[in-house]
2 protein chains.
Amino acid sequence: MRPVTTQRRDRATIEDVASAAGVSVATVSRALRGLPNVATSTRQRVKDVAEQLNYSPDPAAARLAAGHTRTVTVVVPHLNGWYISNVVAGAEALCSDAGYDVLIVGIGSSADFSRLLSASYQLERRTDGLIVIEVPVAEHEAESLASRGISLATVGVAAAGHPAIRIDNIEVGHIAARHLVELGHDRVALIGVQKQPLHSDVAVDRRRGYVEGLSELGVELDPSMFVEGDFGIDAGQEAMAALLVARIPPTAVFSLSDEMAFGALIEMKRRGLEPGTDVSIMGVDDHAFSRVVDLTTISHGVAEHGIAAARLLLAQMARGHADRRASTDDHQGVDLGTASQPAMPITLVRRATTAAVR
Amino acid sequence: MRPVTTQRRDRATIEDVASAAGVSVATVSRALRGLPNVATSTRQRVKDVAEQLNYSPDPAAARLAAGHTRTVTVVVPHLNGWYISNVVAGAEALCSDAGYDVLIVGIGSSADFSRLLSASYQLERRTDGLIVIEVPVAEHEAESLASRGISLATVGVAAAGHPAIRIDNIEVGHIAARHLVELGHDRVALIGVQKQPLHSDVAVDRRRGYVEGLSELGVELDPSMFVEGDFGIDAGQEAMAALLVARIPPTAVFSLSDEMAFGALIEMKRRGLEPGTDVSIMGVDDHAFSRVVDLTTISHGVAEHGIAAARLLLAQMARGHADRRASTDDHQGVDLGTASQPAMPITLVRRATTAAVR
DNA sequence: ATGAAAGCGCTAACAA
DNA sequence: TTGTTAGCGCTTTCAT
């Protein structure tokens with residue numbers, strides 16, 4: 001019964017490997033990291049010894065010495081929405097396959113985000129890259145990141161000079177307008193006018209596209225038919241309640257998110273109204289649950305968005321490495337990130353909650 | 001146009017603070033970390049200087065020197081289920097408020113988890129504590145963690161000797177049995193027999209409680225009425241389809257998760273069956289959308305579970321610190337973690353999908 | 001209460 | 001191709 005004192009000294013260090021393989025630590029480091037200028041035979045021997053000793057470099061030591069962290073940070077407004085969880089899932093899978101640790105940070109307000117970026121938080125000492133999901137990034141923030149050597153890819157929002165995964169939200173609005181008008185609706189509402197704490201421009205764009213689409217199709221707008229919503233279920237229910245008591249209620253409503261549409265559905269049921277028959281309603285997201293209630297919606301990738309963002313980020317970080325290796329000299333910081341990717345695909349999914357006006 | 005070479009040398013180090021405050025680095029370190037044996041005046045001065053210099057310690061350096069990481073790792077089977085996302089959300093919030101970085105790792109198979117724990121991954125160099133959500137932890141794994149000084153708290157699964165947040169899943173089964181039998185059902189089914197890649201015992205326990213409850217109430221069991229399901233929507237739909245084509249279909253079904261119940265609902269609608277009227281169905285979780293379809297379910301905390309787990313973990317880690325500080329000598333590793341917490345509360349939520357048998 | 005100095009385990013110049 | 005060595009920025013004895 002040995003006195004378990006501490007678990008000190010059972011972990012192999014680079015020196016153990018070096019002496020066991022009969023080379024210097026520098027060679028071990030090079031060999032294991034796939035750097036050039038190592039004889040194939042040496043490299044193999046080192047690898048074998050390392051494996052046998054169960055060695056792998058201490059991340060903290062490597063970070064301290066090398067200056068980068070092999071860590072990516074995923075920034076989200078919250079983790080309990082369907083869309084965001086799925087994006088995170090996709091991003092995490094790819095990053096961790098690529099050997100990166102992935103940190104996650106939930107942002108309650110834009111103040112939280114500033115704090116994350118504030119000099120004193122030492123973000124650049126914690127992470128090599130950021131995947132920011134639906135949290136707006138101000139121009140000076142984007143620049144600050146670039147100048148600090150932190151790579152960035154965004155999802156659902158844009159950041160000047162950095163790659164972004166997004167869908168064409170204007171087009172989303174157009175599609176909704178077209179679909180509803182084709183069904184003969186002309187008293188149409190919208191749920192989801194900005195009211196979020198952390199406001200991105202997805203709401204703004206979808207709305208704009210909707211408005212544009214409607215007027216192009218000659219449909220008159222009634223501003224009172226545009227109601228607030230934070231993209232959650234409850235907001236949707238409240239919004240629908242407000243719409244249904246209007247002097248002249250809408251015959252169709254476009255909800256900027258499926259979740260709000262679900263709330264709206266609750267309210268309709270409460271009032272004995274049949275979706276599609278009494279009032280048409282459609283959302284955006286193709287939430288897993290939309291199929292359950294047969295909600296017409298506009299579908300886009302989810303995990304795909306996370307994967308795509310991760311891919312861009314990884315590429316950017318790899319490029320950064322190369323750069324650093326190549327030119328120790330100047331290059332104006334802010335040109336990283338080939339920016340604007342093509343918009344991700346979206347498609348209208350016609351289901352039962354929208355139908356021709358009676 | 002200065003040659004932006006690199007962003008080197010604008011970050012304050014502990015030495016900058018030391019010299020600016022006219023003390024040694026050791027004193028700065030003590031002062032800033034709230035250690036004893038620092039004159040109040042000195043401490044204040046150091047703090048002021050640090051603030052002014054926008055100093056904060058480099059995490060990698062601190063980790064390397066101190067041996068712990070101020071990082072907690074959340075381990076999940078996947079991130080796209082409603083329950084798990086919410087648990088993660090709660091845990092993340094608490095841990096990051098406590099000043100910990102939170103890493104997230106998605107486990108595809110139990111092999112992935114073993115890899116995480118394998119000596120060569122150096123988990124103890126990456127994290128101080130683990131929150132494991134619905135990923136089974138083998139006994140030797142739990143011991144290994146304890147001996148390596150990694151704290152552990154689990155959610156939805158147990159790990160010998162470590163605190164766990166859980167609900168009484170046997171009781172969940174009992175509640176379901178009682179509810180259905182009280183409504184007069186006696187041909188009852190169950191959806192969700194284990195079929196998951198990473199199988200915990202929640203399914204086993206719920207089922208067992210259900211079976212027990214039913215027999216206690218004198219209801220006969222038909223094994224063919226127990227069908228597989230991986231807790232997702234599609235599985236629920238398939239399961240329900242199978243049940244409905246049985247020679248004698250059930251009059252009520254208990255789905256081990258709300259999501260599977262949603263799938264079942266789809267199938268019922270597809271066949272023109274009315275939930276509650278034609279067949280009663282209930283789930284477990286009180287998923288956000290259960291309200292939308294008026295699903296009877298068994299509710300439990302969600303974010304609360306994550307928060308509770310985080311709380312236990314933080315306490316444990318704090319205790320670990322104290323221990324280390326107090327006795328540099330022996331103490332049998334595996335006694336950390338006061339283990340078994342009381343089960344978290346659960347409640348039956350009666351809604352429209354269950355009703356008295358006709 | 002404070003300081004000096006020895007690492008923590010690795011990476012990256014620079015030499016050889 | 002390989003080895004030597006100077007850090008990276010902090011924590012922690014051990015002195016004082």
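Worth knowing before you read on, the calculation uses all heavy atoms, side chains too, and leaves out hydrogens, waters and symmetry mates. Throughout, a chain's letter reflects where its sequence line sits, starting with A, and its residues are numbered from 1.
Between A:Ala62 and B:Val38, the one whose closest nucleotide on DNA chain C sits nearer the 5' end is B:Val38. Residue order along DNA chain D, read from the 5' end via each residue's closest nucleotide, puts A:Thr27 first among B:Asp58 and A:Thr27. Mapping B:Ala61 and B:Ala39 onto DNA chain C via the closest heavy atom, the residue that lands nearer the 5' end is B:Ala39.
Within the structure, every side-chain polar atom (N or O) of B:Thr42 is placed at least 4.0 Å from both OP1 and OP2 of C:dA1. Contact annotation: B:Arg125 does not reach the phosphate of C:dC8 (side-chain N/O to OP1 or OP2, under 4.0 Å). The phosphate of D:dT11 (OP1 or OP2) has a side-chain N or O of B:Ser29 nearer than 4.0 angstrom. OP1 or OP2 of D:dG3 has not a single side-chain nitrogen or oxygen of A:Arg30 nearer than 4.0 Å. Side-chain nitrogen and oxygen atoms of B:Ser24 include none within less than 4.0 Å of the OP1 or OP2 phosphate oxygen of C:dA4. Put simply, A:Arg11 has a side-chain N or O that comes within less than 4.0 Å of OP1 or OP2 on C:dG9.
Nucleic acid contact class of B:Ala26 (heavy atoms, under 4.0 Å, all strands): base.
To the nearest angstrom, C1' of D:dT4 lies 17 Å from CG of A:Asn37. We find that CG of B:Leu35 is positioned 10 Å from C1' of D:dT12, with the value rounded to whole Å. The CZ atom of B:Arg70 sits 15 Å away from the C1' atom of D:dT11 (whole-angstrom rounding). Taking atom CZ on B:Arg45 and atom P on C:dA1, their separation rounds to 14 Å, with Å as the unit. Per the geometry, CG belonging to B:Leu64 stands 9 Å off P belonging to C:dC8, to the nearest Å. A:Gln122 places its CD atom 15 Å from the P atom of D:dC8, with the value rounded to the nearest Å. Distance, A:Asp16 CG to C:dG9 C1': 11 Å, rounded to whole Å. Atom pair A:Gln44:CD and D:dT1:C1' shows a separation of 17 Å (rounding to whole Å applied).
Residue A:Asp16 comes nearest to A:Arg11 through the heavy atom pair OD2-O, 4.0 Å, listed as atom of the first residue, atom of the second, then distance.
The only member of B:Thr127, B:Ile133, B:Val155, B:Val105 that meets side-chain contact (heavy atoms from CB on, under 4.5 Å) when paired with B:Val74 is B:Ile133. When B:Ile131, B:Thr154, B:Asp128 are each tested for a side-chain contact (heavy atoms from CB on, under 4.5 Å) with B:Leu313, only one passes: B:Ile131.
The listed nucleotides are D:dC8, D:dG3, D:dC10; the one nearest the side chain of A:Val23 is D:dG3. In the set D:dC8, D:dC10, C:dG3, the nucleotide with an atom closest to the side chain of B:Ile14 is D:dC10. Closest to the side chain of A:Val25, out of D:dG3, C:dT11, C:dA4, is C:dT11.
Between B:Asp101 and B:Arg63 a salt bridge is recorded (basic side-chain N to carboxylate O distance below 4.0 Å). Salt bridge present: B:Arg115 and B:Asp112 bring a charged side-chain N and a carboxylate O closer than 4.0 Å.
No donor-acceptor contact under 3.5 Å links the side chain of A:Arg63 to the base of D:dG9.
Cation-pi contact between B:Arg126 and B:Tyr121: present, with separation from the ring centre below 6.0 Å and deviation from the ring axis of at most 45°.
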